[in-house]
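Note that the structure is predicted; figures quoted are calculated from it, not measured. We count residues from 1, following the sequence as given.
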Amino acid sequence: MTEARESSREIESLDTGDVEAAYARWAPIYDLAFTAVFRPGRRALAAAASKADGPILDVGVGTGLELPMFEPHNQVYGVDLCEPMLRRASERVRRQGLSHVVALCKMDATRMGFADSTFACVCAPFVLTVAPEPEAMLDELGRVVRPGGEIILVNHVSRKDDPFAIFEHWLDRHVAPKLGWRPQFPWAIIGDWIDRRPEMRLVERRRLAPFGLFTFVRIKRLPVGQIAETPETQAELEYA
């Protein structure tokens, strides 16, 4: 899709150094600023991921706000690029006795140190808008999830009919590196990626509170025997 290609060119203005520096600044106030607005998305993500039969990877774990939301029987691994955020996540795990959290590691989500097909579920809450190369991140999520497993995303997805679209565009052009994330993020980036990957099947896409600002997405990696040409309409699955 042309929309995805144009968005990819703009995303080049946000680099890994921008993101790491921005979130080091956000770390001391992140929970105060974002707990409430992101809570519905984190709860939806953790509830879906907790059904996985095997280890779960939380990509962009940040300060660990969703870690207490997973079920006690889960085995959760968390990765993040920002060391100050990870320190706060580690403190949360210690303070709340979250024994289901197996490990927290500093990693770039486009080049993770896990073997192929390691996880039954890979979660990425509010992280694609942070990625300078979101398609590369999706490739890496697809690499580490097992056949039969799921990728679960929660992300802001821009809409042309959104009254905030003009404001998003202005933020994207002028302050995205300082924010550490990109306000404009078209669905085409995710949809085109699914179209290119016959082993990936979109199984759920719905808007979340508050005000439908965020989109919940479940993508299944099909077992080898179930892979078939994905219908053209699959990546355009209507919102529930």
Side-chain angles (χ1 to χ4, degrees), residues 14-52 54-115 118-132 137 140-141 144-145 151-156 176-182 208-210 213-214 216:
L14 186 67
D15 63 30
T16 300
D18 291 332
V19 173
E20 191 168 4
Y23 277 87
R25 293 192 298 269
W26 277 113
I29 61 168
Y30 185 88
D31 290 5
L32 181 64
F34 297 111
T35 295
V37 71
F38 287 168
R39 184 181 290 118
R42 294 186 191 282
R43 282 180 172 167
L45 177 140
S50 291
K51 299 174 184 177
I56 298 166
L57 178 62
D58 188 341
V59 176
V61 67
T63 65
L65 285 170
E66 67 271 8
L67 292 178
M69 300 176 185
F70 291 100
E71 295 294 332
H73 66 271
N74 293 140
Q75 293 180 302
V76 181
Y77 296 75
V79 299
D80 202 281
L81 184 64
C82 180
E83 185 67 38
M85 299 284 276
L86 280 170
R87 285 198 296 269
R88 291 176 179 271
S90 296
E91 174 58 24
R92 187 186 305 278
V93 169
R94 186 199 63 77
R95 186 175 65 249
Q96 298 187 24
L98 304 178
S99 59
H100 59 279
V101 179
V102 179
L104 298 171
C105 307
K106 181 176 179 179
M107 288 187 190
D108 182 338
T110 64
R111 293 181 293 274
M112 292 188 286
F114 300 112
T118 296
F119 297 97
C121 183
V122 178
C123 307
F126 309 104
V127 73
L128 280 178
T129 45
V130 171
M137 180 178 289
E140 189 69 348
L141 304 187
V144 300
V145 72
I151 299 169
I152 302 178
L153 311 172
V154 176
N155 208 75
H156 171 64
K178 293 180 181 178
L179 289 173
W181 72 83
R182 183 163 296 285
L208 297 171
L213 285 174
F214 304 108
F216 174 88

Requested in this report: Quick one: pull up CD1 in Ile56 and CG in Leu45 and give me the separation to the nearest 0.5 Å.
Outcome: 9.0 Å
Query raised in the report: So do the side chains of Arg111 and Met107 get within less than 4.5 Å of each other, counting heavy atoms only?
Result: no
Report task. Give the ring-plane orientation class for Phe38 versus Phe126, where under 30° counts as parallel, over 60° as perpendicular and anything between as tilted. Result -> parallel
Query raised in the report: Closest approach of Ala48 and Phe216, non-hydrogen atoms and distance?
Result: CB-CZ, 3.9 Å
Query raised in the report: With sequence neighbours left out, what residues match Pro68 under side-chain contact (heavy atoms from CB on, under 4.5 Å)?
Result: Arg92, Gln96, Leu98
Query raised in the report: Which heavy-atom pair separates Ala120 from Ala52 by the least distance, and what is that distance?
Result: CB-CB, 4.1 Å
Query - Inter-residue atom distance Asn74.CG - Leu67.CG, 0.5 Å rounding - result: 11.0 Å
Requested in this report: Determine whether Val59 and Met112 make a side-chain contact, defined as any pair of heavy atoms from C-beta on separated by less than 4.5 Å.
Outcome: yes
Query raised in the report: Under a 4.5 Å cut-off applied to non-hydrogen side-chain atoms, are Tyr77 and Cys105 in contact?
Result: no
Requested in this report: Provide the full list of salt bridge (Lys or Arg N to Asp or Glu O under 4.0 Å) pairs with a residue in residues 62-77, sequence neighbours left out, each pair given once.
Outcome: Arg42-Glu66
Query - Check: Leu141 and Leu153 side chains under 4.5 Å, non-hydrogen atoms - result: yes
Requested in this report: Rounded to the nearest 0.5 Å, what's the gap from OG on Ser99 to CD on Gln75? Could you check?
Outcome: 10.5 Å
**Report entry** Inter-residue atom distance Met85.CE - Lys106.NZ, 0.5 Å rounding
**Finding:** 13.0 Å
Requested in this report: Could you grab the distance from atom CG of Leu57 to atom SG of Cys123, nearest 0.5 Å is fine?
Outcome: 7.5 Å
Query - Close side-chain approach of Val37 and Phe214, heavy atoms under 4.5 Å - result: yes
Requested in this report: Taking all heavy atoms of Ser50 and all of Met69, pick out the closest pair and write down the distance.
Outcome: OG-O, 4.3 Å
Report task. Can you see which heavy atom on Asn155 is nearest to which on Val127, and at what distance? Result -> OD1-N, 3.8 Å
Report task. Check Gly64 against Ala89 and note the closest heavy-atom contact, atom names and distance. Result -> N-CB, 3.8 Å
Query raised in the report: In Å and rounded to the nearest 0.5 Å, what is the CG to CG distance from Leu104 to Leu86?
Result: 6.5 Å
**Report entry** Contacts of Arg94 that satisfy side-chain contact (heavy atoms from CB on, under 4.5 Å) - sequence neighbours left out
**Finding:** Glu91
Report summary line: Nearest heavy-atom contact between His100 and Pro72 is CB-O, 3.5 Å
